[in-house]
Protein chains: 2
Amino acid sequence: MVTIEDVAREAGVSISTVSYALSGKRAISEETRRRVVAAAERLGYMPKAAARALAGKRTHVIAVTTPLHADTDHSAHMAFAMAVTTAAREHDFDTLLLVQDDELEGMRRTAATLLADGIVVLDVAADDARAELARQLRCPVVFVGVPTDNEGLTCIDLDFERATEEAVEALRTAGHRSLALVSQGQDVIDRASNYPLRIERTFVAAAERHGLEARIVRPRPDTSTGVVEALLDEHPDVTGLVLSTRSEVADAVGPALERRGLRVPEDMSVVAVGMTPEPGRQPLPFDSFPLDPQLTCPAAVDLLVGIIEGRVVPGGVQLVPPVHQARGSVAPVRMRDVR
Amino acid sequence: MVTIEDVAREAGVSISTVSYALSGKRAISEETRRRVVAAAERLGYMPKAAARALAGKRTHVIAVTTPLHADTDHSAHMAFAMAVTTAAREHDFDTLLLVQDDELEGMRRTAATLLADGIVVLDVAADDARAELARQLRCPVVFVGVPTDNEGLTCIDLDFERATEEAVEALRTAGHRSLALVSQGQDVIDRASNYPLRIERTFVAAAERHGLEARIVRPRPDTSTGVVEALLDEHPDVTGLVLSTRSEVADAVGPALERRGLRVPEDMSVVAVGMTPEPGRQPLPFDSFPLDPQLTCPAAVDLLVGIIEGRVVPGGVQLVPPVHQARGSVAPVRMRDVR
DNA sequence: CTGTTAGCGCATTCAT
DNA sequence: ATGAATGCGCTAACAG
């Protein structure tokens, strides 16, 4: 195992010179720096993480907590965890995965043992126990998502309200007067991240403000299809659909419409809001304001690293503006539908 | 920050006594042990990871590598990563996530910096560069999956051959004489883990051995449905289906059959092989020999920890016997089909 | 610009 | 059964 001392000897300098030459934390003559780097390279030297952490009081590791309910969608979680990991590497940080049943214990442990320099909290629920815990820990914590009680916390999230409003606005502008929101199942609404609820509320409010008819349907936990069918049976006048639901349900929308002879966008305009694209699967063929991990996770890591390094003051909620991905699924309402 | 010294003082003993009392690595009188534990509890003491690792030459961390191709299925990957993480915690290990573009660099780095005590390699390809790397590293490595060149490596995987054979056998026993395997797309066959290929080969061999007709269809990358339709168009005599494909494709099988008026199992028997159940989604309504992370990951971690602790000798390929999950999707072939 | 040195917090070896 | 002392490999403060 090659240590800093080996490098120092090889380069003919002191170990502190090696340390500084490699970390760049103080000025070193170009000449010796080259020698040190060359020696390190030659010996294949890399500072041992534990020694570095002990002496430097920084582990260069961030932890990620993701609660995993039985019915949780792994795909989206992985996408977020990966986005964090990738972003962390940009800052030369590694990522520790905390996915035990008791997220709280994991967070406590990492903080107490100084396993990580900071924690990113994913899949935040409206009433998330990790919020209170984060306030108690000495450790920097950034939430990707906004708990209801976010006093004193640092949070970052997509601006779902704005995304929903823009979706409604897109449909309204196209002349649609009767809209429906395909939302999450009751179970998700009840306990998961609070954004589905925020979307529902915003949807209703926006529609009302513009004098549009608005309906909300929530698929039952066990059925992926059927929701849209039932909706169209009851309300054949609906011409604009907003999708913010499980991917299986969203996948079933196209076929369901097709089965009724309804084409998108001629007979039905569709916009997705807050749906996470799944790598490896075909993207939804609808206009979308996606909940893309890339929108929030890199920013969350930037924030966290900033706090760790003392460059950034913790606290505050940051909402990231939604991005519109057009896919041609919104068209002007047809005349005969307007009557 | 409370250190071991604080605990020693509080308990009125030396720091080595505290260390031993807490680690149990040498005999301590019950009396003092209690005092130490009480003191530690009172002060909320937890040994700092970095100090522990530096002095003890063990980080209590294992790293997990998962390559992430663009078309990779995140859901399954997450399930595996989580299974490893959960299993690791049972051994008091934490998990570091390595998911950079260059898995190799990540592995090298963790080994060189002693970031982790060992590495679990997931989503192993037939021709996996990590195999060669693993042989070079000093660091214990366990593969969940079997690279073609596994000389000197420690691998553990589901016994896909046996799973496939049992699937064919189940169909054969029920009287089916014309089978089809719905496999992966060409792209996956070409580069991903080698098990799809192993399944295909075993399928053909098993069918041949029993004098059954066997066909293989591979969905194209972009279509989820359509494969089964095409299959049934061309070969209406098929009465037994083996599924080992993307979950979207598998999901499309039921509806496709239904559309043709074919019922499961009356008109068509179906068995899934090597498909990973997705938590949060509805399980396939078919008999299955699943590729469940729980079958391999905990065992892989056990192995790895064993190697780390010197209890287990590295090397060798372990195949885990498949588990049959019955769901009533296999029935005796109907007479009129046999003719 | 470079070298010397004092810990970082703990596991462990050697005494007792 | 317990304590004292050593050092893991590195960073950073201090001294030139």
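Values in this document were obtained by computation on a predicted structure and should not be read as measured data. We name chains A, B, ... by the order of the sequence lines, and we start the count at 1 in each one.
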- Yes or no on salt bridge (Lys or Arg N to Asp or Glu O under 4.0 Å) for Arg35(B) and Glu31(B), after CA distance, side-chain angles and deciding distance? CA-CA 7 Å; Arg35(B) 276 228 312 287; Glu31(B) 153 68 11; 3.3 Å; yes
- Note on the structure: In B/S/- notation (B base, S sugar-phosphate only, - none; protein heavy atoms under 4.0 Å), nucleotides 8-15 of chain D written 5' to 3' is BBBBBBB-
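At a threshold of 4.0 angstrom between heavy atoms, the contacts of Val18(B) with the nucleic acid are absent.
At dG3(C), one or more side-chain N or O atoms of Thr17(A) fall inside 4.0 Å of OP1 or OP2 (strictly under the cut-off).
Considering only residues two or more places apart in sequence or on other chains, Arg89(B) meets the salt bridge (charged side-chain N to carboxylate O under 4.0 Å, His left out) condition with Asp92(B), Asp94(B). Scored by the salt bridge (charged side-chain N to carboxylate O under 4.0 Å, His left out) test, Glu90(A) finds no partners at all (sequence neighbours excluded). Taking the salt bridge (charged side-chain N to carboxylate O under 4.0 Å, His left out) definition, one finds that Arg33(A) meets it with Glu30(A), sequence neighbours left out. Every side chain to side chain contact (heavy atoms under 4.5 Å, CB included) that Pro140(B) has, sequence neighbours left out, goes to Leu304(B), Ile307(B), Ile308(B). Partners of Arg42(B) under the salt bridge (charged side-chain N to carboxylate O under 4.0 Å, His left out) rule, at least two apart in sequence or in another chain, are Glu10(B). Taking Thr95(B) as the reference, Ile62(B), Val64(B), Thr85(B), Ala88(B) meet the side chain to side chain contact (heavy atoms under 4.5 Å, CB included) condition, with sequence neighbours excluded. Residues meeting the ring-ring contact (aromatic ring centres under 6.0 Å, His included) test with Phe143(B), sequence neighbours left out: none.
Neither side chain, Asp123(B) nor Thr66(B), offers a donor N or O lying under 3.5 Å from an acceptor on the other.
Rounded to 10°, the angle separating the first-five-pair axis and the last-five-pair axis of the helix from dC1(C)-dG16(D) to dT16(C)-dA1(D) equals 40°.
Shown for residues 33-40 of chain A: no residue has heavy atoms falling under 4.0 angstrom of DNA chain D.
Protein atom CG of Leu115(A) is 13 Å distant from nucleotide atom P of dC10(C), rounded to whole Å. Spacing between atom CZ of Arg9(A) and atom P of dT4(C) amounts to 14 Å, rounded to whole angstrom units. Whole-Å rounding puts the Leu22(B) CG to dA11(C) P distance at 8 Å.
Every pair passing side-chain hydrogen bond (donor to acceptor under 3.5 Å, both in side chains) that includes a residue from residues 299-312 of chain B is listed here, sequence neighbours excluded: His91(B)-Asp302(B), Glu309(B)-Arg311(B). Annotation: ring pair (Phe, Tyr, Trp, His ring centres under 6.0 Å) contacts involving residues 49-68 of chain B, sequence neighbours excluded, comprise His60(B)-Phe93(B).
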